[in-house]
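Just so we're on the same page: letters track the sequence lines, and every chain starts at 1. All values reported here derive from a predicted model rather than from experimental measurement.
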Amino acid sequence: MPDTLLDVADLRIHFPTSDGLVKAVDGISFSLERGQTLGIVGESGSGKSVTSLGIMGLHHGTNAQITGHIKLDGEELVGATPGRVRELRGSKMAMIFQDPLSSLHPYYTIGAQIAEAYLVHNQVGKKVAHKHAIDLLGRVGIPQPASRADDYPHQFSGGMRQRAMIAMALSCDPELLIADEPTTALDVTVQAQILDLIWDLQQEYHSAVIIITHDLGVVAELSDDILVMYAGRMAEYGSAEDTFDQPGHPYTWGLLASMPRIDEARLERLVPIKGTPPSLINVPSGCAFHPRCRYAGFTGGRSQTEVPELREVSPGHLAACHLTGDQRRKFRTELVLEETEASTARMTQGEA
Amino acid sequence: MRTRKTIGLAAIGAAAALALAACGGSGGSGGSGGGGGTATKASFNAGVTHVVNPSNHKGGTLNFASSSGIPDSADPGNTYYAQMWNLTRLYAMPLMTYASCPGPCGLKVVPDLATGPGVVSNNGLTWTYHIQPNVHFEDGTLVTSQDVKYAVERTFDRSKFPLGPGYYPSLLAPQNATCAKAMAAGKTTGCYPGPYVDRSKNLMGLNAVQTPNSTTVVFHLAKPFADFNYVTAIPQSAPVPPNKDTGANYQLHPISTGPYMFQSYQINKQLTMVPNPHWNPATDPNAKQLPSKIVLTFNVNPNDVDNRLLAGDIQVDLPGTGVQAAARTKILTSNSLKAQSDNPVSGFEWFMTLNNKVPPMNNIHCRMAVEYAANKTNNQTAYGGPYAGGTIGSTAAPPNVVGQKHFDLYEATTKSQGDLTKAKQQLQACGHPNGFSTGITYRSDRPKEVSVAQAMQAALARVGIKLTLHGFPTASYTSNFAGVPNYVHSHDLGITVYGWAPDWPDGYGEFYYIADGAAISPVGNTNLGELNDPLVNSLLGKFATENSATVRNSYTSQIDMQIMKDAAFLPIVYAKALLYRPSNLTNVYVQPFYGMYNYAVLGLK
Amino acid sequence: MTARAPAPHPVITFIVRRLIATVFLLIVVSMITFAIFFLLPRLAGQTTRGLASQYIGRNPTPAAVHAIEQQLGLDAPLPVQYGRFLRGIVLGEHFNAGTSKAYCPPPCFGYSFKNQQPVWPMMVSGLPVTISLAAGAAILWLVGGVAIGVISALRRGTLFDRFSMGVALAGVSLPIFFTGLIALELFSYKWPIFPNVQFVPFTQNPLLWARNLVLPWIVLAFLYAALYARLTRAGMLETMSEDYIRTARAKGLPERTVIFKHGLRAALTPIVTIFGMDIGLLLGGAILTEVTFSLHGLGLFTVEAIQNQDLPEILGVTLLAAFFIVIANLVVDVLYAVVDPRVRR
Amino acid sequence: MSTPVSTAGTAGAIGGAGDALLEVTGLTKHFPITRGIIFRQKVGAVQAVDQVDFSVAPGQTLGLVGESGCGKTTTGRLLTRLLEPTGGRIMFEGRDITHLSMGKMRPLRRDIQMIFQDPYSSLNPRHTVGGIVGAPLRLQKVKTEKGIKATVQELLELVGLNPEHYNRYPHEFSGGQRQRIGIARTLALRPKLIVADEPVSALDVSIQAQVINLLEDLQNELGLTYVVIAHDLSVVRHISDHVAVMYLGKIVELAGRDQLYAAPRHPYTVALMSAVPVPAPVRVDGRRQRRERIRLSGDVPSPLNPPPACRFHTRCWKAQEVCRTQEPPLTELIPGHRVACHFPENTAASAE
């Protein structure tokens, strides 16, 4: 593994509350090389955002209990002083957020907010910082950056705001860029522009990118590797190709089957996952997914309450599921057939 | 016109103890503020009968405070409050004034600016006063009879000076025939309009007052009026120099003839007085010039007034209506504090009128039923009990009216809870054996009157009389409701809660406006029970020409008795107030006519 | 996206429009007030005669009532009276019949029935007291309240937070006449640290001015500081959970910068609004404080006016209060536009 | 699948107005913009919806799709008469309801109902589920055979909620369940037409599928007619029989679902579809590749001052002079497929 930038091992982030211990992140491990993109996929409450904030050290000041390891370029961040993490934040690692409007301060100009990020990590004057900000705005594709730098966030359109956020994140040439649902609040055509921008900038800076999203389409377009999270745990981790072509976890199957798709006419009837995501205070015993899994009975002889370990389903492709390889192949085939049947059934009904 | 209105009241005075003391004590020695009265050491009610801490020590700042502003005006020509009549003696010398002495002696009028009482001639139509020739204004100018005439002229301008009494325009001879005719019709066409309008036109002046020389003032009356010395004892007769008169703004700096003069005055905030260098003690035996400064602070939080009083920061509570409940408890429960307090009769009487015109109360037996059924103890409690409220009353006049005698026709003091048996007998006689319904009016912004109305409602219910409560705001009580007979009749308002203090302490001053049939008027009525008893009317008429004190006193008690026989009044209390006198205050005593400490003679240790 | 409007500058347009609206608003307020005090009594059956006789000593003779009616112009139709009132504000007004007139110079807010004085100078003389009281208290409560609120928000759940919020609750709940009397009893009588609370003009003796106002300031400020502490705390808690605070932290800004530059700045915006409103509405608090401490400002003036049912005084003080409220609102709106760029349009 | 339905409202309406449950002609909504110091003058108008024609046959679903600001939500509010149209005509069951007064509209509110996007904010947190779902019945004073409670419980069962939960409060439910509550409330009055504004966009992927299936099942069971407003082209594809694509207040393309997705004609539709990320990674030699897509530049212009003639010409790669001067009418290029473009795409290819 050459050039590993980020190495996360057995990361756990727990929050004690009056209702009980919330295990928002419970044993996450992955690594990321420079120039590579990791997509983290999951539904709300799966712990994907908590993970990213944990890497950025943004749980400081809350009652979060963080264990495990986060090594950024070999430097351990878990247990590092808040001051040190703050120095790295914004310079070596940067982050952009879902809603660019609420993520920008409404009272300061775009230029000032970008310059501020540059000033805090570099010994330069305000003028230099402002010029740098204009420069960055130009780089992320804002027309007339010199005058737009003096605008306030509300004077920007949604796409431009996200560009400005990206410019801010890039102000100190970070080696790691975390994008948390960067396009969820945007229209499709604008989303395409932003995804292109992130792609281009990654090529240019050779930085490592973590993209966090619930949209399987977005991760498929951008990611080299994909990590599927469920209830704070890893469900599946592997290359994008493996994950989409031979998904190893019934949860991933469910996600793919329940998604309406624009490119395929085959899914006339969606196959939803039954039930709802679990509360993190009361995570189901054993495999957290088992109440919603139609194959929950097949534990390969293991106890119902045993938490399935991450196992290789193919080289470099991990899934946390009790199913054996054969069972997996069999059920997957059945599922695809069922989807087709469901479609057919509906068509028949519709004509009747 | 009479009465000083409202709470400020507190007039007269002598306590019950006083009434026992024989009249005519030290007689003529009106000037003896400090020396004349008997001195005594501090004890409860000592100030009612004696001068406490007599002293002629000069210096110090005398501090007054009031929880409101000056209730009407600091202009002696435009004030109707006892506290102001008392206070103005510090800067104004009317022709006559009340003798500065405690006890019954203080109910006498004595010459002040005048050299003697008015001399009557021309069948009682002409009153002549001579004024002291060597009294000066604060600027050194000599006071002349012209200045007195001018002061009287001012009172004719009712739009500038609406607040003072209106005796001169109604008693003095009309300016001319047109005016005489107009006055008969209740109008003022052709009458003297006051100096401001008049002097700008033709300088004709007020014909009814003549000044044959600089020390003589002659008043020509329309009809004889034997009480005229009392009228000239009202501060309105204090001289005003015409060239210093600033109309409505004169209140900001009245030109002093008394021991003190205004240094600064901000309405509703503060008044500071300093010694008048041109005042001569020899010409003004009724006042003293002891403190080197007098400061009056207005609109002080009522509880704060008491706190400051007890702490010695201030010496006098200007209105003289007594301390608040909190301080009252403190004083009455401490022997040392109680010894520094007095509980005089204020001169006010609180009562209810029982209407003579509203059925079935037009039947005397129904009125008597109310008299008997009322619970006088509860009524007294409604007014604050024996110390803050007063003594239960049984007569129409309070004890500090000269000539008043004690009697009790309806067992007010003997069966103070009420006599239900007799009440029922009267109801029987009235033809309503099971009771009747009527309304009671009171001032809804006065908690005491609200309480007494409720007490009456409960008391009368015991004999089946149903009272409905009708509260009205003080400001429009007589102008729009209780004082408008048409309104009273159409709303069946048989009982009216009211109070009265006379403009001077005799039967005429006490009764004319509240009991004479001639005083009933369609708006702003003060004879609220609409009593029109020929005997009462004729006795009141005789006051005008009767000069014998003995006869006048007998009129007073006869009228009082007749009113009560008519069951026209239901007395509540002879009002009392608990006054506190700080130990460093000298020459302190209750001036009986004002019912509060005499402000003209106070000094500091 | 803002419409980049052509001239005039939007903020100026905004201010001009608000100023014009303010004038209209004041006229409407004056009409309503005028109607309440002069029209309603008539509708309720009060006669002009009855009204006039309230301003005379007892037992008014018809002649005296008539004289008052004429002096005050009560016999004229109401619109005429209102017109006179407005004209008086601009041009001044002559009162009284005959040639010797009481002149009430502009701005003439009427002529007090009871005190026989023009209303305006009497109100003006109370202004320094009320302004001194308000200004001192405002500074005290703003600084104190915001500071406590910020600390409470940042140390949520600590002893300090619970204690100060408990005190704040008490402050919001306790009426001024209660806290005021307690303060007087304790610090003016029992331990005379601040004896003899009396107003001394600032120009006369600044030290005494401040010393004598300390108790009223504290009492008045206590009420508001409590409110502001709670507001600031709530505002800070809300702001500190905003996305842009997370962004600021993600930039690597020091925590102090995050709190003060990004957090407090935004949390203060609603405080500024409320502060402006409170300044305008302060007369209410000033009344209680001035009554409690016997300070002769506008508050006591108002009480006196109401006690005497002196309509011109009540009308004048109502208008003045409305004026302050409207002006305060205007200032707040302008401030808001300065503080929050989103409002500038 | 389904039989073709009438697609456009005007002269070309297939089958005549009598067949359509809802028919909209020339529907227009302008929001005035005022300016001025004292007297506010109207200086312009946001042309939120401009001359929109369509119709929906009973039992069918029309999808309205477009980016933010295209006027789709305004159109929905006009249909339910939450907004007063500036111009045009709305016919419901052959009756002109364009300018019906509130009072006359009231009985029609039973027939036309709306589902909102945010299941959190559209339910009153202080009312029980029973109260919320039963409210329309009480408001409209509907007589129910078995009483309101039984009716409400039936409705809850119909949308897949436990009828026992009648007395619970909204906060006790998950997002998907809340949207079901919203749907149950909508169904209480047995409406004929439901306008659903972004019914699933606030929901997690796995829950989206459940709600989409529910909507489809209810349509089959109760014969409902839907107008579904959504920005997600995949969702619209799944749920609609016909799809109208809107851009800056205008319908630019209107066709049967399969026709449209198979061969979009308007360049904007083409760009929109190509911008949607597809959950199928593109790999060449094991390295991720950027998917080919049409990249639109810039933002959507302001509806306050829309470009003249063809509103899309400022961003269209095919735009020529005529596009700037002449507005292309919405014409039926092939039966059942209307496009407003001078230079439509996919013309040579046959549509299926």
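Looking only at heavy-atom pairs under 4.5 Å with chain C, the residue among A:Ser102, A:Ala117, A:Gly90 that has the most is A:Ser102. Of the listed residues (A:Met93, A:His121, A:Glu116), the one with the most heavy-atom contacts under 4.5 Å to chain C is A:Glu116.
Aromatic ring orientation, C:Trp141 versus C:Tyr228: tilted (interplanar angle from 30° to 60°).
Of the atoms belonging to A:Ile96, not a single heavy atom falls under 4.5 Å from chain C. Looking at A:Leu58, only its side chain comes within 4.5 Å of chain C, counting heavy atoms on both sides. Contact of A:Met168 with chain C is made through the side chain alone, with heavy-atom distances under 4.5 Å.
Note that CD1 of A:Ile110 is 10.0 Å distant from NE2 of A:His154, once rounded to the nearest 0.5 Å.
A salt bridge links A:Arg84 with A:Glu75: at least one charged nitrogen is closer than 4.0 Å to a carboxylate oxygen. One finds no salt bridge joining A:Lys48 and A:Glu43 here, because no Lys/Arg side-chain nitrogen approaches an Asp/Glu carboxylate oxygen to under 4.0 Å.
Checking C:Thr130 against C:Glu290 by side-chain atom types alone, a donor-acceptor pair falls below 3.5 Å.
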